[in-house]
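In what follows, a structure is listed as structure tokens, so that the remarks can point back to it.
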Amino acid sequence: MVQFIIRRFAQMVLLLIGISFIVFMSMHLAPGDPATIIGGPTATKSDIEAIRADLGLNKPVLVQYIDYMNGLIHGDLGYSYRTGQSVTEAITTRFPITIKLAVASMIVAIVIGITAGIISARKPNSMLDFASTTFSLVGVSIPNFWLGTMLILLFSVNLQWLPIGGLNSPFYTTEGFKELILPAITLGTSTAAIIARMTRSSMLEVAQADYIRTARAKGVKQRKVVWVHSLRNALIPVLTVAGINFGGLLGGTIITEQVFAINGIGRLMIEGIASRDFPMVQGTVLLVAGIFVFINLIVDLLYAAVDPRISYD
Amino acid sequence: MNHLLQVENMKVEFRTAKGPLTAVRSISFHVDKGETLCIVGESGCGKSITSLSIMGLLPQNGNIVEGSIKLENDKLVGLTDEQLQSYRGNKISMIFQEPMTALNPVFTIGYQLQEPLLIHKKISKKEAKQASIELLRKVGIPNPEEKINQYPHQLSGGMRQRVMIAMALACEPLLLIADEPTTALDVTIQAQILDLIEELKEQMGMGVIFVTHDMGVVAEIADRVMVMYAGEVVEMSDAQTIFANPKHPYTQGLLAAVPDVEADAHELNVIPGSMPNLDEKIEGCRFHPRCPFATDICRQKNPPTFKISENQEVKCWLQEAKMHIESAATS
Ligand SMILES: Nc1ncnc2c1ncn2[C@@H]1O[C@H](COP(=O)(O)OP(=O)(O)O)[C@@H](O)[C@H]1O
Ligand SMILES: [Mg+2]
């Protein structure tokens, strides 16, 4: 188990180095020079050269990469070209906001998805099942930005029940909770739909299993057969799907943050890309990639917790 | 006399896309305390459906459309699923064919064993744990204290079937239904499991319905035998009589299909032809297309059940002819 985790961490580090290289190269080889943007329209050629020299952009790309990695090892992600702020600092202030959004969306996705899936599977082909499968179909196909905009129009502009955007108050306050509702639904819906589908088919499959018949033969109550004997087994494939989709959900924060004017990592990244703010883009991409791999590790560990047949010894 | 279990004219139908299909055709039988009734017949003849009907565990599309099932004085047909829950695992228990898949993979042996106890008996978790260790010991599982913390995949097929038996017997049922419990096991393990069921039956004095398609197994454990063919009971008799004097051509065929009791699982496919599908319309006796002795009446009318002695009943026209001859001879 410990060995497994160590091995996975080693893989994680290698993977992140690979990602950093690719992102670094693609930023530097793509058209658009940060120096021109920083200098502005009035800057002369020599001004720009001075800025380039100042940022170290005149060195060969590989040397720049090695410099960057050297900083990274020492925990230094560099400074924003645009604001001069330390990237680490920018990320630490923005990160909690994105995580709050991602986790809230995942909770929405899991709660709605699993409930809808179970309701469907309990009476397949009933009206409720039909409603729930329709929801899944629509849920997967709706684009986030459209759903977000519609929700804002309805609940914030027309009904004025919920704030239009922002995610600034702590989630445990009423204000913070209200701010979280629409973005979490926007970001969580498609994952909820995928989880609902998976839960439905998985529950239906498990319902046919011999051990379910055994449980009923023991006199176990129907409710307990569903919630204890079936669900735990049915959740194993659902867990996979949820784990895989957490990555997509993390990517989805970028758009959702734009729609709801949330100052999270996604916005930081977009601003960084627009202004060729190399260190900022590097830092945010590495962070998101890191979380992604980390979540996968957590999912693998959860497997072992849910399914005793899996062990990492 | 009041039987432990009395099934009368039970008919089971399945709702299917092709319309209703009859899987069990008005069968009647009974089981007494301390007795083993073997149900035999080819695969698909309705043995499992008969067993599941008694448990109230028919598949979703299945229904008992006629007849009655009585356990002691309680009528079971017509009870709600909730009412039946208090019988299942308590007064009637069942063990199944597939030990590899019949236990829930995500719960410990201990949890699964304690479940029926906690449901049906008013005992504490601690007492249930103690009882489950005792049960495992009783079914011959070594180190029960350790085993209760293990998961099914850590046990062999034979061990899992022992756990299933322990689970079924946890609440000391009046009736145990064993649906081909040894078919998936190898011969030595099979013999051990049969001995175990016999031994526990003696200890607890329960009635046993033992489903099998293996005449070798029947010879070993049956007190009485019920032979099923295509959803009907074709012959019912005590064990000695059925081996010494089988009357129905189908029973005779089954016995001829057993080359040697010591040999491996004998599949009962030696009788030429195969069983009709549920949706096949058959005029007359359902066995006549495969019967070497079929006459005109067999092709036209389904035979009634002839009681040819105190403990032998046969559903075959040949018996009518014989009875006529006998009665003619005596008069
Ligand atoms: N859910 C179902 N729907 C329709 N037919 C079924 C269903 N379950 C079983 N049957 C049919 O009922 C008949 C009896 O099956 P079963 O009792 O399982 O046979 P066996 O004697 O081998 O145990 C078979 O023809 C089978 O195909
Ligand atoms: Mg069967």
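Chain A is the first sequence line, chain B the second, and so forth, proteins listed ahead of strands; every chain is numbered from 1.
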query: Looking at B:Tyr151, is A:Arg309 sitting on its ring face, NZ or CZ under 6.0 Å from the six-membered ring centre and within 45 degrees of the normal?
result: no

query: Taking atom CD1 of A:Ile212 and atom CG of B:Asn104, what is their separation to the nearest 0.5 Å?
result: 6.0 Å

statement: Rounding to 0.5 Å, atoms CD (B:Gln60) and CD (A:Gln208) come to a distance of 8.5 Å

[atom1]/[X]: more than 12 non-hydrogen atoms of other groups inside 6.0 Å:
X: A:Tyr303; atom1: OH; value: yes
X: A:Arg122; atom1: CZ; value: no
X: B:Gln203; atom1: CD; value: yes

- prompt: If you check every heavy atom in residues 110-124 of chain B against those of chain A, which residues fall under 4.5 Å?
  reply: B:Tyr111, B:Gln112, B:Glu115, B:Pro116, B:Ile119, B:His120

query: Which bit of B:Met100 is near chain A, if near means a heavy-atom gap under 4.5 Å: side chain, backbone, both or neither?
result: neither

- request: Answer with side chain, backbone, both or neither: which region of B:Leu52 has an atom nearer than 4.5 Å to a non-hydrogen atom of chain A?
  value: side chain

Need one label for [X]: side chain, backbone, both or neither, based on atoms under 4.5 Å from any heavy atom in chain B.
X: A:Ala209; result: neither
X: A:Lys224; result: side chain
X: A:Val228; result: both

query: Are any of the side-chain nitrogens in A:Arg213 or B:Glu98 under 4.0 Å away from the carboxylate oxygens of its partner?
result: yes

- line: For B:Asp81, the salt bridge (charged side-chain N to carboxylate O under 4.0 Å, His left out) test, sequence neighbours excluded, returns A:Arg216, B:Arg88

query: Relative to chain A, which of B:Ala168, B:Pro152, B:Gly89 shows the most heavy atom pairs under 4.5 Å?
result: B:Gly89

query: Do side-chain atoms of A:Thr214 reach the backbone of B:Ala102 as a donor and acceptor pair under 3.5 angstrom?
result: yes

field: Nearest heavy-atom neighbours spanning B:Val106 and A:Ile236
entry: CG1-CD1, 4.2 Å

Shortest non-hydrogen contact from B:Pro105 toward A:Pro308: O-CG, 3.1 Å

